[in-house]
Amino acid sequence: MPGILACDIDGTLTDSPFEMPSLVAKALRDVYDEGWKVIFITGRPYVWGVKPLSTLDFSYYFAVINGANLLEMPQAVLMEELLIPKDTLGTFDDFCADKGTDYIAYSGYSGQDICYYRPKRFSPNQIKYLKERSAAVGEVWLPVDDFNQVPLKGFASIKCFGNHKECQVLAHYMEKELHLHAPTIRDPFNNSHFVAQATHKECTKGLILKRFAEKIGCNGPIIAAGDDYNDMSMLKVADVRIVMETAPQEILSMADYIAPPASQAGLAAILLSVIKKVSSNEISIRREHG
């Protein structure tokens, strides 16, 4: 029985910000032709998250910002949105100031994917990196003095950039004090930097995958493919787990199958064989859906 294939993008489908290997695209098309629903779940915003998917020639679903926005593609119809209320963020201002940094507020798809930031709260080196990043990935950044000036009720996410330790400290505060979901991962733009991305507490990859399965009424198996800590909740939901060999050990320990690196189009190397084994009941399913 066909089910759902849920895939991360960075480090799973591709190691490029804007392109997907043709072998991976073909494998995904073959999965779709077998009757499976395909959903991509990523921490990226829509504006540049969609770029490596532009060559796909079939219908799929797209959950961006770890599930803050769920869209039906290729029409880009918004199916669901969960925002962080602006009044949630008050105490975080002082905490960031004590750490010599600040956060960026992402409007999300319905807010035209605008990134709001307060330039005076960042150091010159931080501003330099943020401008290089925004220019490279094609994001629209608007400077403001106060986030209360932004005509939105809330934000799809807030992001902090820095080294691993700095981002872990900021993420811990966001989860403990603001009650948000805030994993720390390598920045897809530059892997020498890290990003702590906070979203609504119900915006984890696992929860959006559960809600998606309910929305489409899927009772079949779920296969998930990922490579980083923010994929952990998605992998836990899945019946069958594909993990890229470049993943941290904690994520590798969850794998039913380990795929070669994304730089080698590794997902394409094993995806169809996994699909066939699931379809022919060669793999025992962890749980029943329904």
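Please read all numbers here as calculations on a predicted model, not as lab measurements. FYI, side chains are in, hydrogens and waters are out, and symmetry mates aren't considered; it's all heavy atoms of this structure.
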Counting N and O atoms only, with roles assigned by atom type, does the side chain of Thr14 sit under 3.5 Å from a partner on the main chain of Glu19, one being a donor and the other an acceptor? yes
Any donor-acceptor pair under 3.5 Å linking the side chain of Gln126 with the backbone of Ser123? yes
Donor-acceptor pair, side chain of Asp102 and main chain of Phe122, under 3.5 angstrom: no
Could you check whether Ser273 and Tyr257, counting side-chain N and O atoms only, form a donor-acceptor pair closer than 3.5 Å? no
Looking only at non-hydrogen atoms, find the nearest pair between Asp239 and Asp256 and report the distance. O-OD2, 3.9 Å
Minimum heavy-atom separation for Thr204 to Leu207, with atom names? OG1-N, 3.0 Å
What is the ring orientation for Tyr129 with Phe189, classed by angle as parallel under 30°, tilted 30 to 60°, or perpendicular over 60°? tilted
Show me the side-chain donor-acceptor pairs of residues 52-60 shorter than 3.5 Å, one per line, residues at least two apart or across chains.
from: Ser54; atom 1: OG; to: Lys51; atom 2: O; distance (Å): 2.9
from: Asp57; atom 1: OD1; to: Arg29; atom 2: NH1; distance (Å): 3.3

Backbone N/O of Pro261 and side chain of Thr246: donor-acceptor pair under 3.5 Å: no
When the ring centroid of Phe147 is compared with that of Tyr116, is the distance short of 6.0 Å? no
Donor-acceptor under 3.5 Å (Asn69 side chain, Gly108 main chain): no
Minimal heavy-atom distance between Ala171 and Ala196, with the atoms involved, is CB-CB, 3.9 Å
Strictly distance-based, threshold 3.5 Å: is any side-chain N or O of Glu166 a donor or acceptor partner for the main-chain N or O of Asn163? yes
Any donor-acceptor N/O pair, Arg186 side chain to Phe194 backbone, under 3.5 Å: no
Looking at Lys210 and Glu214, does any basic side-chain N land under 4.0 Å from a carboxylate oxygen? no
Knowing that exactly one of Ile127, Thr101, Asp93 qualifies, which makes a side-chain contact (heavy atoms from CB on, under 4.5 Å) with Arg121? Asp93
Identify whether NZ of Lys or CZ of Arg in Arg118 sits under 6.0 Å from the centre of the six-membered ring of Tyr103 and within 45° of that ring's axis. yes
Would you find a donor on one side and an acceptor on the other, under 3.5 Å apart, between the side chain of Tyr109 and the backbone of Ala76? yes
Sub-3.5 Å donor-acceptor pair from the side chain of Lys86 to the main-chain atoms of Val150, do we have one? yes
